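What follows is one structure encoded as structure tokens, with my remarks underneath.
Note that the structure is a prediction, hence the values are computed from the model and not measured. No hydrogens, no waters, no symmetry mates; every other heavy atom, side chains included, goes into these values.
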Amino acid sequence: MRAHRRAVRAGAGLLAAALLAGCSLLSTEPEPSATADGRPGDVSASPSPDLKETPKTPPLPAALASQRPDWQRCEAPRGGSAPGSAWRCASVEVPLDYAKPSGETISIALVRKQARDKDRRIGSMLFNFGGPGSSGVDILPRAASSYGKLNSRYDLVGFDPRGVAASSGVSCRTDEEQEQAARSVDLTPDTAAEEAAFVKDGADFGAGCLRRSGKVLPHVGTSSAARDLDLIRQVLGDAKLSYFGFSYGTELGGTYAHLFPQNVGRTVLDAVVDPTADGIGHARNQATGFQRALENYLKDRGQDPKAGSERIARLLARIDRKPLPTASGRELTESLAITGIVTPLYSQSGWPTLTAALDEAENKGTGDGLLRLADSYNGRDEEGRYDTQSHSQRAISCADSKARPTVDEARALLPEFRRLSPVFGPFLAWDTAGWCAQWPVEGEHETPETSAPGAGPILVIGTTGDPATPYEGAQRMADELGKGVGIMVTNKGEGHGAYGQGDCVTSTVDDYFLDGKVPQDGTTCG
């Protein structure tokens, strides 16, 4: 969901905590590189001039374009354990402001596991797991078993995008402030007082971001992250960028393809963001997508979708009037209950958990199950500590989008959004006004530009039951990329992300990345 894009946070069915990951100082030498089509590259060659030719950006100083990562043993992320000995961490310096490339720099954190088959190595493959705001340095080592076949010939490379975790991560609130907001702010306000508190909370959040992260806040948008990708490509010694993006990572991949079509290597976009939708359009898409997923869940349980949705909407209304108690002493509010219902809809494997949590709330009058799900989604641990992904997520989204709908505009959306989804519609309608309320940084565009004439073929995978990035958005991305560039692959199924969920999609992607085999546009996996 929009303010809860966090389930988009990990892509491919992963709902992983975004914890900071650092690096120690044990150096190793970089391995020889290769081009994306498998031809050996030359890490000692002069830096590619491609980034210098990017429209609307001055040339990069040679010191940035020629840097080489100093790969080191990785430190443990906060609250976690260090990745295995096969992983190494490094950082790359990038301009804080690409309009002033010789000015101040920030560091982008990287993590890498080298290809097992050195003789047949293709190059580096960069991953973005969504959000925006997911830490690739944290997630990739924990998800790497899903990409074992690709690791045979690719170095797997994760990174924290600018404004995220170890890459000058945005911070906006203390844990105590987040807890207070979760308890006191109604995300579907019913009274003038609740509306005023809702808008004030959004404004306070932005003001906190400005106080704590004001230096980076104007520069965390997706177009800057895409330029970082191209600098990382050069620093890694790759002639082309091989890239695997999930959820928001598909918007980043599409933006990269638009800015650097000549540098696009083998690229897969899975669980695709609709590039033609503005802020209200995304909310409308998600109301449709989450309602579709909920109805599919209800059908699977032998329930009438309309009646089941209305029953859950009535449950939420009761919780709004009187929050449910939990064993922890915290109360399950309506806002937390909606979040708890959202979380297991991201994957069909979560449906039994949703059944148990709804049964508890409806029949026992307690909210422990839904609260646990909401805490997982919101990045809250048992000690009451929150991760900062929601901070980065909001900062990146509001830096991208010019949209700043008012409370009056959000209220006017309510009848339509209730028709789209009696369960999720009111939340998503109100969120259009709360997400970037009085944001201190101006947004860059109404919708991202993803046309990429001249780029190589890009696989665009849409899942018919995807709740967060509905299937229709994948077709629009394929169309926007352009004829011969966007190669549409349909996955008939449920969940957010198709790779690793079935043999057809997985083998199609593996054949493309490893052997350059491009599937026919319009391929369908059942």
So Q348 and Q501, side chain to side chain contact (heavy atoms under 4.5 Å, CB included) or not? Walk me through it.
CA-CA 10 Å; Q348 193 167 358; Q501 305 303 307; over 6 Å; no
If you look at every heavy atom in [X] and [Y], which pair is closest and at what distance?
| X | Y | value |
| --- | --- | --- |
| Y471 | T464 | CB-CA, 3.8 Å |
| S171 | R212 | O-CB, 3.1 Å |
| L64 | L60 | CD1-CD2, 4.2 Å |
| V220 | A395 | CG2-O, 3.7 Å |
| P101 | P59 | CG-O, 3.2 Å |
| D160 | G136 | OD1-N, 3.2 Å |

Out of curiosity, [X] [atom1] to [Y] [atom2], how far, rounded to the nearest 0.5 Å?
| X | Y | atom1 | atom2 | value |
| --- | --- | --- | --- | --- |
| R314 | S309 | CZ | OG | 10.5 Å |
| N378 | Q389 | CG | CD | 10.5 Å |
| C172 | Q178 | SG | CD | 8.5 Å |
| L428 | I280 | CG | CD1 | 12.0 Å |
| W351 | L345 | CH2 | CG | 8.0 Å |
| L481 | I458 | CG | CD1 | 5.0 Å |

Keeping [X] on the side-chain end and [Y] on the backbone end, is there a donor-acceptor pair under 3.5 Å?
| X | Y | result |
| --- | --- | --- |
| S184 | Q180 | yes |
| H282 | A277 | yes |
| T250 | V273 | yes |
| D97 | A99 | yes |
| D431 | G434 | no |
| Y386 | E176 | no |
| S376 | R372 | no |
| T388 | H391 | no |
| E449 | S451 | yes |
| R266 | G456 | no |

Evaluate the side-chain proximity of [Y] to [X]: yes if any heavy-atom separation is below 4.5 Å, no if none is.
| X | Y | result |
| --- | --- | --- |
| V164 | I396 | yes |
| R394 | C209 | no |
| P426 | L414 | yes |
| T447 | T276 | no |
| I461 | C525 | no |
| P305 | Q291 | no |
| D186 | E334 | yes |
| V264 | V485 | no |

Determine, for R233 against D230, whether the closest basic-nitrogen to carboxylate-oxygen distance falls under 4.0 angstrom.
yes
Between D479 and R476, does any NZ, NE, NH1 or NH2 come within less than 4.0 Å of an OD or OE carboxylate oxygen?
no
Option from D201, D387, D204 for which salt bridge (Lys or Arg N to Asp or Glu O under 4.0 Å) with R173 holds
D201
Assess, by modelled atom type and distance only, whether the side chains of [X] and [Y] contain a donor and an acceptor separated by less than 3.5 Å.
| X | Y | value |
| --- | --- | --- |
| S91 | E93 | no |
| S349 | S347 | yes |
| N128 | Y243 | no |
| S223 | Y98 | no |

Given side chain to side chain contact (heavy atoms under 4.5 Å, CB included), test I338 with F290 step by step and report yes or no.
CA-CA 11 Å; I338 292 171; F290 278 104; over 6 Å; no
Determine, stepwise, if the pair H496 / T469 fulfils side chain to side chain contact (heavy atoms under 4.5 Å, CB included).
CA-CA 7 Å; H496 187 53; T469 52; 3.2 Å; yes
Check the pair E494 / K299 against salt bridge (Lys or Arg N to Asp or Glu O under 4.0 Å), numbers first and verdict last.
CA-CA 13 Å; E494 300 296 326; K299 290 176 187 175; over 6 Å; no
Hey, what's the ring geometry for F246 with F244, parallel, tilted or perpendicular (30° and 60° as the breaks)?
parallel
Report the relative orientation of the aromatic rings in Y377 and Y346; use parallel for angles under 30°, tilted for 30 to 60°, perpendicular for over 60°.
tilted
For F205 and W439: C-alpha separation, side-chain torsions, deciding distance, then whether side chain to side chain contact (heavy atoms under 4.5 Å, CB included) applies.
CA-CA 9 Å; F205 191 95; W439 196 254; 4.0 Å; yes
Would you please test T222 and Y248 for side-chain hydrogen bond (donor to acceptor under 3.5 Å, both in side chains) and show each step?
CA-CA 10 Å; T222 300; Y248 161 78; 2.6 Å; yes
